[in-house]
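One structure below.
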Number of protein chains: 2
Amino acid sequence: MIRFFKRSNLKESKYNEQTKLTAEATVLLRLVVDGDKGDSHSLKHQCNAASPTLPQPDSIWPSQHSKESGCTNWAVLVYGLHKHKAEQADANRLEAIEPTSSHPIFSQEEVTKHRSLEDGVWVTYKGGVYDITEFVAMHPGGNKILLAAGGPLEPFWALYAVHNQEHVLEILSEYKVGELSAEDLKKQQDVKSSDPYSSDPERHPVLRINSLKPFNAEPPAEILTDNYITPSALFFKRNHLPVPQVDPASYRLSVEGLPGGAMTLSLEDLKTKFPKHTITATLQCAGNRRAEMNKVKLVKGLNWGIAAISNASWSGAKLRDVLLAAGYGPDVAKWAHHVQFEGLDKDVTGTTYGSSIPINKAVSEEGDVLLAYEMNGETLPADHGFPVRVVVPGTVGARNVKWLGKIVVSAEESNSHWQQNDYKGFSPGTDWDTVDFKSAPAVQELPIQSAITAPADGAMVDRSEEEVTVQGYAWSGGGREVVRVDVSVDGGKTWQVAQLRTSDKGQVYEPSPPPGRAWAWKLWEVTVPIPPGAKELEIICKAVDNSYNVQPDTVAPIWNLRGVLSNAWHRVTVKVREDEDEE
Amino acid sequence: MIRFFKRSNLKESKYNEQTKLTAEATVLLRLVVDGDKGDSHSLKHQCNAASPTLPQPDSIWPSQHSKESGCTNWAVLVYGLHKHKAEQADANRLEAIEPTSSHPIFSQEEVTKHRSLEDGVWVTYKGGVYDITEFVAMHPGGNKILLAAGGPLEPFWALYAVHNQEHVLEILSEYKVGELSAEDLKKQQDVKSSDPYSSDPERHPVLRINSLKPFNAEPPAEILTDNYITPSALFFKRNHLPVPQVDPASYRLSVEGLPGGAMTLSLEDLKTKFPKHTITATLQCAGNRRAEMNKVKLVKGLNWGIAAISNASWSGAKLRDVLLAAGYGPDVAKWAHHVQFEGLDKDVTGTTYGSSIPINKAVSEEGDVLLAYEMNGETLPADHGFPVRVVVPGTVGARNVKWLGKIVVSAEESNSHWQQNDYKGFSPGTDWDTVDFKSAPAVQELPIQSAITAPADGAMVDRSEEEVTVQGYAWSGGGREVVRVDVSVDGGKTWQVAQLRTSDKGQVYEPSPPPGRAWAWKLWEVTVPIPPGAKELEIICKAVDNSYNVQPDTVAPIWNLRGVLSNAWHRVTVKVREDEDEE
């Protein structure tokens, strides 16, 4: 038992050292205390918190719902340690026992016997055998770790790249109890370690990658508004998990929760049994412009710039038509409040990506929710949900489930991590110690948004040009049409109204959409005189929608711990280069 | 002709003197240049602009659609004068001819012969006879002045209180051509000069009056949130015209524009032929909190405080049901885009108050638009539209037409002044020189709003209390539910989340409304420690709705020339009184 405590101490000391007990670490540990968010981000963030540089974007978004008391115990322990034992960390480290290098040899059969807390939890990693029973309750990712019990860690770590860090190996090494027999190790190696991301599609090299596995990337802002319809290859990508390989011939969509029982549709059914509708809709990630929030105070999430938003033409069946065909009617309307979506993309535990939308949005004639099988007139690309995705126009990207496998009509919202414990907004005063995810609604419609795509921040303009042309995009959620964009080149003292367009330059503008169905962005442009004497221009844009919602002036008052809903005025600063022969 | 020019010069000089050719006056004059907005406000504002004090609230909102070229000519003239003749004003005044005091006597019969520009336009006022032919084109209220031709001005000026100013009499005096015969004057006086506002109802004395005729008043902010349901007597009043006297027995509502021809409904029909629905809905004037915009730069409109918003329970027939009964159906849906409303309140020309809403809002099951005949469980009060008003929940007050006389299903918006040339938002850079009312949509849904009702601005809090309790209201348009109110007592550096309630204290809270149907405000309260050392607290509130729309930080960037949509963070400053025996 002494060894046990020393090991524990070592573990604690490592955690404390890595976190340096920063506030960020504390609140992330607290995540686990709350009991509903065991999250392997925690570990990553602890690392980041210890780093002298800005954190790299989080690379994964696992779904974890560990509610086991073991997890909570660990968290309470660590959380308590943070409060009371900071000073002991260094002392404890001195007491740490180096792992012995002489370990017994175990067969795979022996390892496989240890698959539970009762029998012990053993795993293998590169030929080593580890008894991680004590660590299960401490695993930042919750008891999902038990899925690896009795076998190799490699396929799990391949899915969750957060483990590919030196300190994770250091922690693991503390639990080594033996070596796998050479024979069994060879067998393991013969089974090619599969990278679940290995079948992800090729991507356009111009994309700016925020995370490779899962793939998250945005186009460079300077080309974002070159096209009114974003080419699919440049459309921002936001995957939560590996891209699933779906065979269109055997693909089946299941529609459940309705009185007649489940309805199953093939891709062909979807294409032939329902009218095909095409809408132009802008999708935006809840985290678009998160980088600006990170400048106020670090948040948790991918460090998106201003281009986690794109506009496409989508074609498919109306969800409304499918639900009606599946038995939706007035009787169902009495109890049904939500339509849940499940993707075919899944994590190592088999948990699929999921979300839900309010039933009214789903069944309204004006809701325009599509089960889309085409994007920009072509087959839906793999990164965008082949063969079928939901397009919920006016609604945050996260509800536009890709690789759609199941639709469930329900009285309840989706209970997925992304619906319940993510993609919600909080007060700037709310931190990971105080956050109650139940207190805020899941983001559905997004607020008014706009950003400047040209000139770029830090660019030069020549005084001799006399004018500067400012360009960008503007969009609002809920089908609210952007009616005006104001642009200032003097930091907000004076404002010019930009020209809006709803097509590529030179093309005939589309007529205004019906009220409440303005799903697509507007591009805008205005040419403004360079103010005399200005050495630098602070250029700002702000948009107004037809409910006269406006963007807030500054970022700090809308800062939130998840860094979502970042829609303050967008600002870029450009320098004015004076002419050499200036009078 | 010399006299003509001298008179004209005098007139111009007076206008110029009164306006001091301020920018405000110029842009108001420009109203008339635009040709579709001859508006007697202009005159009022010219006065205000010359005043060293803040302007009094505008007292009327006439409907004027003069498109006569004469009107434009005058405006062009004056507008040109502003630009080129400022210096001539004093010189011209010196040349002015004082009106002679010896005038011929005219009979009423003679006066009555002058009722057109061709025959001359004569009017009488308190026994004087005036030839105002030349003034018609200069009348800020447009050619509506012709309606008074050949008769007394008194009943018209009684309607438009803007005329009750000394300088208006001075202008009139320049056009005096004679005296009315004593006999005819006596006849006139025998006809009691009728004040169209004389039958307006009694009002609660606590109301703070912004304009008496028409009546516009708000409750004191400090009592506004004492009740979740605002008592009808305290509910803010916003009349555009005199309150019409409607006999409920002979009242008829006409529903027009549908294939079956007009349908006429009595009050009894409305009550018995359609199901009665009750909704709780907050109404807000587009000009609520205009006073804060006036502090940035003067705007045109009543100087509302923060209480041009109230919450009531409304009962009546659903507009949807009435439209369906009148013949609305899929065929109509193909061409109908708007539902127009006409009030029974009318100006001296017979023009009724009017507005329209999008057809989808009117016919949607979730739109909850009522033809209300009860308010807070009692017969609709006269000031709120007896016997029937429209309640368009989630939509600006101006569309909630009172004393409803006519409903018209149409492909077009209402062409009323209030729909076309008022109640629209513009960029802060847009002034009366540059405004194009066609460029902005009519306000329908209002943006997210909140304000602090306690403590009052300038109040004292005692340091010994240690805490300060902040209270207020929050509401958003379009049925978007308020999900959070943040309060700061340190000028926005830190924020606390307030508690929201949807009923009076101690009562059972109503359950959350269905998505998109949150029509009623939320009251909120939070108790915050008084920061140590603070001598003064800048208290701020800001609200968030379930589309995560937020209020802008400051007023100036949302300033607009009509002073509508004033929804920046609300701020009050209170002083901290230190204890005398403080350590």
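Chain A is the first sequence line, chain B the second, and so forth, proteins listed ahead of strands; every chain is numbered from 1. Both backbone and side-chain heavy atoms feed into the values below; hydrogens, waters and symmetry mates do not. In this text, all values refer to a predicted model and were calculated from it rather than measured experimentally.
Chain A forms more heavy-atom pairs under 4.5 Å with one residue of B/Gly477, B/Pro515, B/Pro557, B/Ala440 than with any other, namely B/Pro557. Contact tally against chain A (heavy-atom pairs below 4.5 Å) for B/Gly429, B/Pro428, B/Pro552, B/Pro441: the top residue is B/Pro441. Of the residues considered (A/Val443, A/Val497, A/Leu446), A/Val443 shows the highest number of contacts with chain B, using heavy-atom pairs under 4.5 Å.
In this structure, the portions of B/Ile448 lying under 4.5 Å from any heavy atom of chain A include both its backbone and its side chain. Of the two parts of B/Pro358, only the side chain, counted from C-beta on, holds a non-hydrogen atom closer than 4.5 Å to a non-hydrogen atom of chain A. There is no contact between B/Ala556 and chain A, counting heavy-atom distances below 4.5 Å.
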Hey, can you dump all donor-acceptor pairs under 3.5 Å between chain A and chain B, distances included?
residue, atom, partner, partner atom, Å
A/Gly425, N, B/Tyr548, OH, 3.1
A/Ser427, OG, B/Asp486, OD1, 3.1
A/Pro441, O, B/Tyr548, OH, 2.6
A/Glu445, OE1, B/Ser547, OG, 2.6
A/Arg480, NH2, B/Ser547, OG, 3.3
A/Asp486, OD1, B/Ser427, OG, 3.1
A/Lys542, NZ, B/Pro557, O, 2.7
A/Ser547, OG, B/Glu445, OE1, 2.6
A/Ser547, OG, B/Arg480, NH2, 3.3
A/Tyr548, OH, B/Gly425, N, 3.1
A/Tyr548, OH, B/Pro441, O, 2.6
A/Asp553, N, B/Asp553, OD1, 3.0
A/Asp553, OD1, B/Asp553, N, 3.0
A/Asp553, OD2, B/Thr554, N, 3.3
A/Asp553, OD2, B/Thr554, OG1, 2.5
A/Thr554, N, B/Asp553, OD2, 3.3
A/Thr554, OG1, B/Asp553, OD2, 2.5
A/Pro557, O, B/Lys542, NZ, 2.7

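For A/Ala336, the side chain to side chain contact (heavy atoms under 4.5 Å, CB included) partners two or more places apart in sequence, or in a different chain, are A/Val332, A/Ile359, A/Val409. A/Ala362 is linked by a side chain to side chain contact (heavy atoms under 4.5 Å, CB included) to A/Leu319, A/Leu323, A/Val339, A/Ile357, counting only residues two or more places apart in sequence or in another chain.
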